[in-house]
There are 2 protein chains.
Amino acid sequence: MSEVESFFKSAFSVDNVIFGFDGGDLKVLLIQRGAAPFRGKWALPGDLVYPNEDLDTAAERVLEQLTGLRGVYLEQVRTFGAVNRHPLGRVITIAYFSLIKVSDFALTPASFAQSAHWHSISSVGELAFDHNEILDICLQRLQRKVRNAPVGFELLPQKFTLTELQQLYESVLNLPKNKGLDKRNFRKKILSMNVLVECDEMQEGVAHRPAKLYQFDRERYDQFVAEGFSFDI
Amino acid sequence: MSEVESFFKSAFSVDNVIFGFDGGDLKVLLIQRGAAPFRGKWALPGDLVYPNEDLDTAAERVLEQLTGLRGVYLEQVRTFGAVNRHPLGRVITIAYFSLIKVSDFALTPASFAQSAHWHSISSVGELAFDHNEILDICLQRLQRKVRNAPVGFELLPQKFTLTELQQLYESVLNLPKNKGLDKRNFRKKILSMNVLVECDEMQEGVAHRPAKLYQFDRERYDQFVAEGFSFDI
DNA sequence: GGGTTTGGTGTAAAAAAAACAATAAGACTG
DNA sequence: CAGTCTTATTGTTTTTTTTACACCAAACCC
């Protein structure tokens, strides 16, 4: 038994399912493992939790090291702790998902070194460890969350069109494009919540009639929530 | 201490919020700590996870040692891992909640030794560690779950009256008795799901008109779910 | 200026939820 | 056994929410 192995009793890590929305598709940011075990395989970004680090802090650190982003949406989902989930010892992992605006994503030294790439959810292959299961559970959580909390906006630019918002929902919920949700009903519903404000700006650079841009108004949302409102789509 | 070593100076435990329903009230099973830290304080039952034990298995073990029950409803909720949550070292804990029928609860050696007692949710005092927070989060989870999955039945005897079922919901959701839910609408809704079957039996030993007894039909429920049905109250 | 593409809008029917109160059945009392 | 007490049981109406559905408008491109 190697020296490291002899110390290796149990540990905990965080793994982060980083979602993005680009090209009308829901994506997940994966890294290619450079070391054993599972060398060369795609995996969720994660790391062992430092002895003096809170779990949320560890998840934020993993996210920032890879994307350069701080203060983005992050939620703990579940802990995976099957005895044999890690080939080298007992490591349980606390799974998080985060939602980022792809346009904000900057290549960091870490992401470069770990060859981070966006993968369409629908075309993720076999991942290292139990990461397929983790991804699956996190996606289910996102699908529920997006329907009863205003988290979808975290995936869009600050200013967006209603069509983009609808496509986001169709993509996250895995509905057929432009058939899953009725355009008129969707707009009616989202606008009737009064949490979107029209910008004085139009979409630019498109080869057709440009759409109005909207923004999510968190203050109004918070106020409505305090009054008993609950977001629901 | 080497860096590698320090990663493994940590442990993980499970804590179990065991809910019961008795006397029209939602209860939680607590134990009184017999050793430091927090000696004498009420706490959630829990234990360190064995090196070769899955997390769910550990939660089942804690539950069985205390109540003698196996195969009851158990769900992982969240992991609590603040650096200083445990005064003696870095211990993160995976929180579970379980739902049991109070009438099935038998005093075990462990429950006797740990002076386990049912506490009304509304009158739980200050608990050891971060257990108040854990209880709170688990209760919130139960409140959501009971509304979109048929888990309420886990808290009732196999045969129950519709009034008991309604009181269970009012208690879990913390609604005023007989004012939170309209009796007629409640019965209409639950019966229209077709997942309850009438027993050929009536309530006994009550000093008034006895009510019909019903049972939850899980097979029917599973079939409906497969056909796209979703439970909602 | 005609073609192409997406943006934007309202109404009617159906379904679901909410509001609401009187009678029935059994147990107990005297 | 008649009367009282307590909880059980049952439907209808109104309101709200959800669904279904189709045409004209605006900008760009050629």
Side-chain angles (χ1 to χ4, degrees), chain A residues 23-25 147-148 156-157 159-171 173 175-215 224 227-233, chain B residues 23-24 146-148 156-157 159-171 173 175-215 224 227-233:
Chain A
D25 252 340
R147 289 167 44 90
N148 38 257
L156 290 175
K159 298 179 179 184
F160 51 84
T161 70
L162 294 183
T163 299
E164 286 166 349
L165 185 60
Q166 179 172 348
Q167 283 169 351
L168 167 68
Y169 273 89
E170 289 170 343
S171 168
L173 300 176
L175 304 171
K177 307 256 177 226
N178 295 316
K179 288 200 175 167
L181 297 171
D182 179 87
K183 186 166 47 158
R184 277 174 292 188
N185 291 339
F186 177 79
R187 293 158 99 95
K188 212 183 311 175
K189 194 163 192 173
I190 197 88
L191 289 178
S192 73
M193 294 184 188
N194 282 310
V195 296
L196 295 189
V197 296
E198 245 176 78
C199 307
D200 281 336
E201 239 175 297
M202 306 292 271
Q203 196 178 25
E204 279 176 24
V206 288
H208 55 78
R209 173 175 179 182
K212 282 187 212 159
L213 292 174
Y214 290 82
Q215 269 185 279
F224 290 157
E227 292 165 3
F229 166 78
S230 100
F231 190 94
D232 243 302
I233 282 197
Chain B
V146 85
R147 289 168 45 89
N148 38 258
L156 291 176
K159 298 178 180 185
F160 50 84
T161 70
L162 294 183
T163 298
E164 286 167 349
L165 185 61
Q166 179 172 347
Q167 284 170 349
L168 167 67
Y169 272 89
E170 288 171 343
S171 168
L173 299 176
L175 305 171
K177 307 256 177 226
N178 295 317
K179 288 201 178 167
L181 297 171
D182 179 89
K183 188 160 48 157
R184 278 173 292 189
N185 291 339
F186 178 78
R187 294 158 98 96
K188 212 184 311 176
K189 193 163 193 174
I190 197 89
L191 289 177
S192 73
M193 294 185 188
N194 280 310
V195 296
L196 294 189
V197 297
E198 242 177 79
C199 306
D200 281 336
E201 239 176 297
M202 306 293 271
Q203 196 179 25
E204 279 175 24
V206 289
H208 55 78
R209 174 175 177 181
K212 283 188 213 160
L213 293 173
Y214 290 82
Q215 270 185 277
F224 291 156
E227 292 164 3
F229 166 78
S230 101
F231 189 95
D232 243 301
I233 282 195

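- Going from atom CD of Glu164(A) over to atom P of dT6(C) covers 13 Å, rounded to whole Å.
- Considering only heavy atoms from C-beta on, Met193(B) comes within 4.5 Å of Phe229(B) through its side chain.
- In this view, Lys188(B) and Asn185(B) satisfy the side chain to side chain donor-acceptor pair (under 3.5 Å) rule, not counting sequence neighbours.
- Residue-level contact check: Thr163(B) touches the backbone only, with heavy atoms under 4.0 Å from sugar-phosphate atoms and none from bases.
- The nearest pair of heavy atoms linking Gly180(B) to Leu175(B) is CA-CB, 3.9 Å.
- Annotation: of the two residues near DNA chain C, Asn185(A) and Ala211(A), the 5′-most nearest-nucleotide partner is Ala211(A).
- Residue Arg209(B) is the one, among Arg209(B) and Asp182(B), whose nearest nucleotide of DNA chain D lies closer to the 5' end (criterion: closest heavy atom).
- Environment of CD in Glu227(B): crowded, with over 12 heavy atoms of neighbouring residues, nucleotides or ligands closer than 6.0 Å.
- Between Arg187(A) and the options Lys189(A), Arg184(A), Lys183(A), a side chain to side chain contact (heavy atoms under 4.5 Å, CB included) holds for only Lys183(A).
- Using a 4.5 Å cut-off on side-chain heavy atoms (C-beta onward), Gln167(B) and Thr163(B) make contact.
- Rounded to whole angstrom, the span from the NZ atom of Lys189(A) across to the C1' atom of dG10(C) amounts to 18 Å.
- dT11(C) atom C1' lies 8 Å from atom NZ of Lys188(A), rounded to whole Å.
- In plain terms, the two heavy atoms of Tyr214(B) and Leu191(B) that are nearest each other are CE2-CD2, 3.9 Å.
- Between the P atom of dA16(C) and the CG atom of Asp232(A) lies a distance of 16 Å, rounded to the nearest Å.
- Contact between Gln203(A) and Pro210(A) at its shortest, heavy atoms only, is O-CB, 3.2 Å.
- Interface limits on DNA chain D: the 5'-most and 3'-most nucleotides within less than 4.0 Å of chain B heavy atoms are dT6(D) to dT12(D).
- With hydrogens and angles ignored, a donor-acceptor pair under 3.5 angstrom links the side chain of Lys183(A) to the base of dG8(C).
- Separation of atoms CD1 (Ile233(B)) and CD1 (Ile190(B)) is listed at 3.5 Å; rounding is to 0.5 Å.
- Note: CZ (Arg184(B)) to P (dA19(C)) measures 12 Å, nearest angstrom.
- Rounded to an integer number of Å, the gap from CG of Leu162(A) to C1' of dT6(C) is 13 Å.
- The CZ atom of Arg187(A) sits 9 Å away from the C1' atom of dT9(C) (whole-angstrom rounding).
- Rounded to a whole Å, the CZ atom of Phe186(B) is 17 Å from the C1' atom of dA16(C).
- Taken residue by residue, residues 198-208 of chain A places heavy atoms nearer than 4.0 Å to DNA chain D at Val206(A), Ala207(A), His208(A).
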